[in-house]
Novice: 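Before I ask anything, here is the structure I am working with.
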Amino acid sequence: MLATDLAQEILQLKKERRAILLAHHYQEPEIQELADAIGDSLELARKAREFEGEVIAFCGVWFMAETAKILNPDRIVVVPDREAGCSLVDACPVEELRAFKRRHPEYAIVAYVNTSAEVKAEADILCTSRNAVAVVNSIPPERPILFVPDRNLGLYVKRVTGRENMKVWQGACIVHATFTARRLAQAKQEHPEALVAAHPESPPETLAMADFIGSTSAIIKWCVDHPGQEFIVVTESGVLYSLQRLAPHKRFYFIQNELCNCSECPFMKKNTLEKLRDCLLRLEPRVELPEDVMKRALVPLERMLAIR
Ligand code: 13P
Ligand code: SF4
């Protein structure tokens, strides 16, 4: 079947199902083209609760779809591929977090949204890469903090906030953690005029070489608004879709990580148009979560969303 026929089929199914299609910036361009909203994880969480309809088809990774479900317990949330996971989620098993809480009940738990629903349910407040600094600053300075699970984002937030009483979990994003300073130095040599925009999941030595650090959408906005014409973008190459659309005259270079010699997230790229069509057709794979987990996870999620 031609991609255009498939796209028509998806749009028709979307109408019949009264579905909204949300896509993260790391999705393939043909999926982003069909989406009702494209965004970073914070924007998509906000979008997930501001729509009329019965079904959310979430094109991103599983933890993002879980967040949408927690905000919409009465709606159906489906994903193209159940195997679209995240190395950060795997790095923080809920039993280990519970054990930490038993040993250190005085700590406030700040959980990055890249965690399971069970871990979210154990947190005091959630954050995304966009609001992590504001979230940490919202916690009384005398209260010690455990930041889970991304080490690089945690260290970045610790540096920006100057928060000494903050422990950082040792998880990592398999994609961003291997955007090494060595690879970035190489790219800077090849493109000496280019400015560098980096995602805070990248290593501290890489971030130290960046002109701008921010979430996926913040990187796009900064590159588009900046008078510069050339940018080295230290994140997943799916952002090129929006960058080219919003600033077609500018040049963007991606660095290849040490994992795959590419700049792609293997989890995000599991989703395809065929799988999207099938999930709208069958309403499977579907996010189902225990009611008590959703209720408990909603509390720190709402606290995060209240921070502007
Ligand atoms: P954003 O919050 O920038 O969307 O990042 C999510 C993510 O998974 C980055 O790897
Ligand atoms: Fe997870 Fe990294 Fe993929 Fe983002 S890019 S979904 S943090 S593995």
Side-chain angles (χ1 to χ4, degrees), residues 22-28 31-32 35 37-48 58-68 79-92 110-116 119-120 126-135 148-154 156-157 169-179 197-203 206-207 210 212-223 233-243 254-260 262-271 301 304-305 307:
L22 301 179
H24 191 269
H25 287 296
Y26 300 169
Q27 292 298 287
E28 297 285 9
I31 292 182
Q32 295 197 44
I38 307 167
D40 64 16
S41 49
L42 181 62
E43 290 167 331
L44 294 177
R46 290 198 193 284
K47 283 278 173 212
F58 206 111
C59 298
V61 289
W62 182 253
F63 76 80
M64 295 179 180
E66 282 188 337
T67 304
V79 297
D81 191 320
R82 172 63 186 93
E83 299 306 312
C86 171
S87 62
L88 284 169
V89 175
D90 300 339
C92 189
V110 177
Y112 192 27
V113 288
N114 299 40
T115 44
S116 66
V119 164
K120 289 183 175 74
L126 306 185
C127 73
T128 73
S129 57
R130 186 193 276 236
N131 61 17
V133 167
V135 165
V148 299
D150 188 46
R151 182 176 39 133
N152 291 336
L153 177 62
Y156 166 72
V157 172
W169 201 266
Q170 293 301 302
C173 159
I174 50 165
V175 181
H176 290 84
T178 56
F179 287 135
H199 195 283
E201 288 172 9
S202 312
T206 303
L207 295 180
F212 177 79
I213 299 167
S215 75
T216 308
S217 291
I219 287 174
I220 293 169
K221 184 170 173 2
W222 186 79
C223 292
V233 183
V234 186
T235 192
E236 218 270 3
S237 51
V239 297
L240 188 61
Y241 174 79
S242 291
L243 285 169
F254 288 83
I255 62 169
Q256 299 189 336
N257 66 20
E258 311 263 354
L259 171 77
C260 60
C262 70
S263 0
E264 295 192 343
C265 170
F267 300 110
M268 288 277 182
K269 296 307 200 247
K270 281 192 175 291
N271 298 331
L301 180 53
M304 173 189 84
L305 292 172
I307 290 179

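FYI, side chains are in, hydrogens and waters are out, and symmetry mates aren't considered; it's all heavy atoms of this structure. Remember, it's 1-based here, ligands and their atoms both numbered in the order they're listed. Since this is a predicted model, take the numbers as computed values, not measurements.
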Novice: Within less than 2.8 Å of atom 3 (Fe) of ligand 2, how many protein N/O/S atoms are there?
Specialist: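 If we list every protein N, O or S atom nearer than 2.8 Å to atom 3 (Fe) of ligand 2, we get 1.
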Novice: Looking at I255, I220, V239, which one forms a side-chain contact (heavy atoms from CB on, under 4.5 Å) with V233?
Specialist: V239
Novice: Give the atoms of ligand 2, by number and element, whose distance to some non-hydrogen atom of N114 is under 4.0 Å.
Specialist: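 Once the distances to N114 are compared, the set is 7 (S).
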Novice: Tell me which residues fall inside the under-4.0 Å heavy-atom shell around ligand 1.
Specialist: H24, Y26, D40, S41, N114, S129, H176, H199, E201, S215, T216
Novice: Would you say the side-chain atoms of H25 and S217 include a donor-acceptor pair closer than 3.5 Å?
Specialist: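 Looking only at side-chain atoms, S217 and H25 do form a donor-acceptor pair, the distance falling under 3.5 Å.
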Novice: With a sphere of 6.0 Å drawn around CD of Q170, does it hold more than 12 non-hydrogen atoms of other residues, nucleotides or ligands?
Specialist: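 Yes - once you tally the heavy atoms of other residues, nucleotides and ligands closer than 6.0 Å, there are more than 12.
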Novice: Distance from T115 atom OG1 to L126 atom CG, nearest 0.5 Å?
Specialist: 6.0 Å
Novice: With heavy atoms only and a cut-off of under 4.0 Å, state how D150 meets ligand 2: side chain, backbone, both or neither.
Specialist: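 None of D150 does.
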Novice: Output yes when a side-chain donor or acceptor of T206 lies under 3.5 Å from a complementary backbone atom of F179, and no otherwise.
Specialist: yes
Novice: Please report the shortest heavy-atom distance between Q32 and G238, naming the atom on each side.
Specialist: NE2-O, 3.3 Å
Novice: In terms of side-chain heavy atoms, does T235 have a donor or acceptor partner in Y26 at a distance below 3.5 Å?
Specialist: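 Present: a donor and an acceptor within the cut-off.
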Novice: Quick check for you: to the nearest 0.5 Å, what is the distance between M268 atom CE and D81 atom CG?
Specialist: 12.5 Å
